[in-house]
Amino acid sequence: MIIPANLLKEVSKLKEQLNYHNYRYYVLDDPSIPDAEYDRLFLCLKELEKEYPQLVELDSPTQRVGAAPLSAFSQVTHKVPMLSLDNAFSDNDMRDFNRRLQDRLKSTEDIEYACEPKLDGIAISLLYIDGQLVQGATRGDGTTGENITQNVRTIPSIPLKLLGQDFPPALEVRGEIYMPKAGFGALNNRARAAGDKIFVNPRNAAAGSLRQLDSAITANRPLEMCAYSVGLVEGGDLPTQHTAALEQLHEWGFLINSEMRAVGNIEACIEYYQNLGVKRDDLAYDIDGIVFKVNDFNLQKTLGFVSRAPRWAIAYKFPAQEEMTQLLDVEFQVGRTGAVTPVARLDPVFVGGVTVSNATLHNRDEIDRLGVKVGDTVVVRRAGDVIPQVVSVVRSRRPETARDIVFPDTCPVCGSHVETVPGEVVARCTAGLVCAAQRKEAIKHFASRKAMDIDGLGDKLVELLVDEGLIDSMADLYHLQAQQVEKLERMGPRSAENLIAALHKSKQTTLDRFLYSLGIREVGEATARSLARYFGNLEKLITADEETLQQVDDVGPVVAHFISDFFIQPHNIEAVQALQDAGIQWQDIEVNEADEPLSGQTFVITGSFKVLKRSGAKAMLENLGAKVAGSVSVKTSMVVVGGGATNNSKYIKAQELGVATTDEPGLIELLTAHGAL
Ligand code: I6G
């Protein structure tokens, strides 16, 4: 079939436009057309390619969906070996590294370094001939890797064709393929819902996704690629500094790390490492260290290589977030709502910067999913503030003595029956406040900062007070005498007096704090606030039926049932009465629309503020009736972006969705206009 010249031109233009918009979206994170327009262009190209299949080329954006499955990956020999990096584990290792380089260079001058986070992903080589992606390969042993071209083609941030004209005719770009944390979470949620295998961490998920012989599977995985160096370069030149070379790669279409920068000396490298360590948990991706490279390519050349690693680079590692250890035993803890949770007792192991000896095993389903037995060697993960998790079992190390974990039929604390409600994964002790464990947890919750905020009444002291028989309920707290308390372990007359004073102070509270402190299932701070604001006083709430309860923000049928069920039970009403009799009081709320001019509006606060405290701004918005949410959606009324952070992801999302935004001065103006400031 003869193809008209204007059609060829149109297809080429469409491909160029789509590649460019793909780059704006996935690499620059700055789309310039709406998604619908992109979809329209994509459909146009797809239809033309359907009509004229001979026009389909490998650099077409329509070819990112995956190709016919392979039976095996072929092997690729790297023309320029893919090296590994030496590691540093302390500031002094870094200073030694710098000294070694200065000695070699016979100079005491400061060395300029390029600093970049070391992404926890899979190292990859991409070969471009005349600007076209012709090969993607894993690092393998550094000399030979696997040909995974079909798979890498499906990753949207990898250009199929380089942008611009001035690239070398042969260019090998190296970098890391990784799965961002958000994509990993969503992938595992989908897998959980479908009963499929769960990935233990983003790195494994990325590796598993790249190992697919069917690239259509890879195409459905949220992978990204970040370029960090070049290998083979023929027929053209690159800038003479590492950071400038990466900026050049960025212009040709690659994602590079936005944290990359050059610093003047080794002390600045150490400072960069410390700063990124603080930011580590907030990054959108996992990193396991920082890579420092001598920035000047000529100096790199002078320094050369030693065995399989460049002398001019080093990876300063962060504490590992995963380690292996032995599961010594499993104990069962009873929580505030009676949930019986299996807790792994571990041989203590240093992971994520702390020594971990306990980890949650969540519930029976999780134990089944892991297939874990007492005695097993397990992989423990502790990332950021998240409580330590057992993520997998090292089956090959299972001892013959390993034994099954047996879930108790009766409560390990009070001996009452444990039941699992059909459809729920959690097993619960049925004894309610009769169970000492549930009583203790309820009192701990009651005393906590966001509830009655009783200064000095921590978890240990609550345990002691219950174990010594001094209290049995929340109201008992208010009948404690200093003389009783001062006799307890680690207490004295002064701390006892302080506790009694703190208890006295807590009697003057607010309705929302009081509601939250009761520990009604699924009633968190936000719901307690909505309930207090809606009903204004306790009587109206106690007598509300489930239908009325559902009129309240955030209260659906399940939560309405828990609330109604709580207040139906005479012992709960008695507990509330006993607290009021002990002197707890609050001001009822006059529900007045004029006091809540932002009612029905949802705000999202992001970035750092100079004048206001974020928590203060949140409270003021809530007092004006607004809801303050954590993520941006079409329902968001306004996103407040502190610090002028226009590359802030929430700001970008707001732009995408057409949600209004303002900055800190704008928020101050709004709060002032409503008399909140
Ligand atoms: O494994 C690596 C991760 C990150 C690297 C690397 C890197 O730069 C940011 N750079 C080199 C030169 C090598 N491996 C060999």
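Atoms within a ligand are numbered from 1 in the order they appear, just like the ligands themselves. Quick note: numbers below take in every heavy atom, side chains included, and nothing from hydrogens, waters or symmetry partners. We count residues from 1, following the sequence as given.
Between R381 and D120, no side-chain nitrogen of the basic residue sits less than 4.0 Å from a carboxylate oxygen of the acidic one, so the salt-bridge criterion is not met. A salt bridge links K15 with D59: the closest approach of a Lys/Arg side-chain nitrogen to an acidic carboxylate oxygen falls below 4.0 angstrom.
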For this session: May I have the step-by-step check of side chain to side chain contact (heavy atoms under 4.5 Å, CB included) for L162 and L171, ending in yes or no?
Result: CA-CA 10 Å; L162 299 182; L171 174 70; 3.9 Å; yes

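Applying the side chain to side chain donor-acceptor pair (under 3.5 Å) test to pairs two or more places apart or on separate chains, those with a residue in residues 180-192 are N189-R192.
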Measure and list all N/O to N/O distances between ligand 1 and the protein that fall under 3.5 angstrom.
| from | atom 1 | to | atom 2 | distance (Å) |
| --- | --- | --- | --- | --- |
| ligand 1 | 8 (O) | K293 | NZ | 2.9 |
| ligand 1 | 10 (N) | K293 | NZ | 2.9 |

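Scored by the side-chain hydrogen bond (donor to acceptor under 3.5 Å, both in side chains) test, E271 finds no partners at all (sequence neighbours excluded). With sequence neighbours excluded, no residue forms a salt bridge (charged side-chain N to carboxylate O under 4.0 Å, His left out) with D86.
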